[in-house]
Amino acid sequence: MKLLLIVSLLIASAFMQPESTTKVIAHRGAWKNTHVPENSIAALQHAIALKCYGSEFDVHLSADSIPFVLHDHSIQGIYIEKTTAAELSKIKLSNGEPLPTLEAYLAAGKNQNQTRLILEIKTSQLGKARSLALTKKCIELVNKTGVASITDYIAFDFDVCLEVKKLAPQAHVQYLNGDKAPEALAAAGLNGFDYHYSVLQKNEGWLQDAHQRKLSTNAWTVNDEPTMRWLIERKVHMITTNEPEKLQALLAHR
Ligand code: MG
């Protein structure tokens, strides 16, 4: 009987596919299928409830140097970088939630270690100095809120990525812009890339090269199953998606 059990287990394991290691990042939180606004605290809470590996969000700096969470440079016709925090705090998202400050957002993501906070430092439209000032503010608030151990950073501006590593050497930093090969990222001391999937399809060797260099790999923003499968087969570490539920189901059935 015992032998039969062992033989059955051996046969079962032979047919099982190796466990996929690709992890799910909710792009701007889990908002699409939950019908809440992108980058809202509600979207972050849904991503945590879904047990996503990470939840991504975007950060800009107000005119008086307070970071706010929003994707676009403006909301309801109000330009974030030229508006004070007092004015921005009056803005309501479509679910009634106030436009979140980074501090409020990080506080909402605290006290759990299920889901990493993937903080995108947006490039300022007012110049490099403002992008670097935002970088410093983000790191200060992450430390102040006590979420450094669950926060990772991403940015399109390479100088911003370097600044994060300078100010917070232990932080995990991935470059977004898609124009640097893994070798250049490793040489600069960054942790990896988070590139648009089309960049990885065009440069087929980059995933393998990055993995050999122990760099972390992430692809955005992947919402369709064929592209999800293409990336999973190439063992991408993370996929950033507006469809975390779909990606989780796909990974569970592999
Ligand atoms: Mg983003």
Side-chain angles (χ1 to χ4, degrees), residues 23-34 36-48 50 52-62 67-75 79-81 88 93 97 99-102 104-106 108-109 115-125 130-132 134-135 137-139 141-142 147 150-161 163-164 171-180 185 190-200 216-223 227-228 231 236-244 247:
K23 295 183 170 69
V24 180
I25 311 279
H27 180 236
R28 307 179 195 170
W31 54 272
K32 189 177 173 190
N33 302 309
T34 58
V36 296
E38 298 175 12
N39 276 322
S40 61
I41 286 175
L44 168 64
Q45 287 165 339
H46 280 299
I48 294 169
L50 280 171
C52 291
Y53 174 77
S55 188
E56 188 261 3
F57 55 99
D58 307 285
V59 183
H60 297 268
L61 200 57
S62 73
F68 278 79
V69 178
L70 179 74
H71 179 264
D72 296 344
H73 287 273
S74 62
I75 178 169
Y79 188 59
I80 301 282
E81 292 201 77
L88 292 172
L93 304 181
E97 206 182 284
L99 180 70
T101 61
L102 177 60
Y105 196 93
L106 295 176
T115 300
R116 298 191 67 75
L117 307 175
I118 314 296
L119 194 168
E120 179 178 346
I121 301 172
K122 298 304 279 189
T123 304
S124 171
Q125 291 182 327
R130 291 265 305 175
S131 293
L132 297 177
L134 171 59
T135 306
K137 280 277 174 191
C138 287
I139 291 166
L141 279 174
V142 163
V147 290
I150 57 163
T151 302
D152 299 326
Y153 296 85
I154 54 175
F156 279 94
D157 185 325
F158 197 67
D159 293 332
V160 164
C161 291
E163 187 75 359
V164 177
H172 186 94
V173 184
Q174 289 177 272
Y175 180 55
L176 287 166
N177 205 38
D179 59 342
K180 290 190 190 294
L185 301 177
L190 299 188
N191 300 87
F193 61 66
D194 181 359
Y195 285 168
H196 190 260
Y197 63 85
S198 65
V199 171
L200 302 177
S216 163
T217 60
N218 188 343
W220 57 273
T221 299
V222 184
N223 301 321
T227 310
M228 288 172 179
L231 288 159
V236 71
H237 294 144
M238 291 165 266
I239 292 176
T240 301
T241 177
N242 292 335
E243 301 279 359
L247 179 55

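We use all heavy atoms of the structure for the numbers below, so side chains are in, but hydrogens, waters and symmetry mates are not. Both ligands and their constituent atoms are indexed starting at 1 by order of listing.
Taking the side chain as every heavy atom from C-beta outward, Tyr79 and Gln125 approach each other to under 4.5 Å. Between Leu61 and Arg130, the closest side-chain pair of non-hydrogen atoms falls below 4.5 Å. Two residues are said to be in side-chain contact when any heavy atoms from C-beta on lie closer than 4.5 Å; Leu102 and Phe57 meet this criterion.
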Stepwise side chain to side chain donor-acceptor pair (under 3.5 Å) test for Thr221 and Asn242: CA-CA 7 Å; Thr221 299; Asn242 292 335; 5.5 Å; no

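Residue-and-atom listing of protein N/O/S atoms under 2.8 Å from the Mg ion (ligand 1), sorted by chain and number: Glu56 OE2, Asp58 OD1, Glu120 OE1.
Every residue two or more places apart in sequence or in another chain was checked for a side-chain hydrogen bond (donor to acceptor under 3.5 Å, both in side chains) with Thr34, and none qualifies.
Here the CZ atom belonging to Arg28 is positioned 6.0 Å from the CG atom belonging to Asp58, to the nearest 0.5 angstrom.
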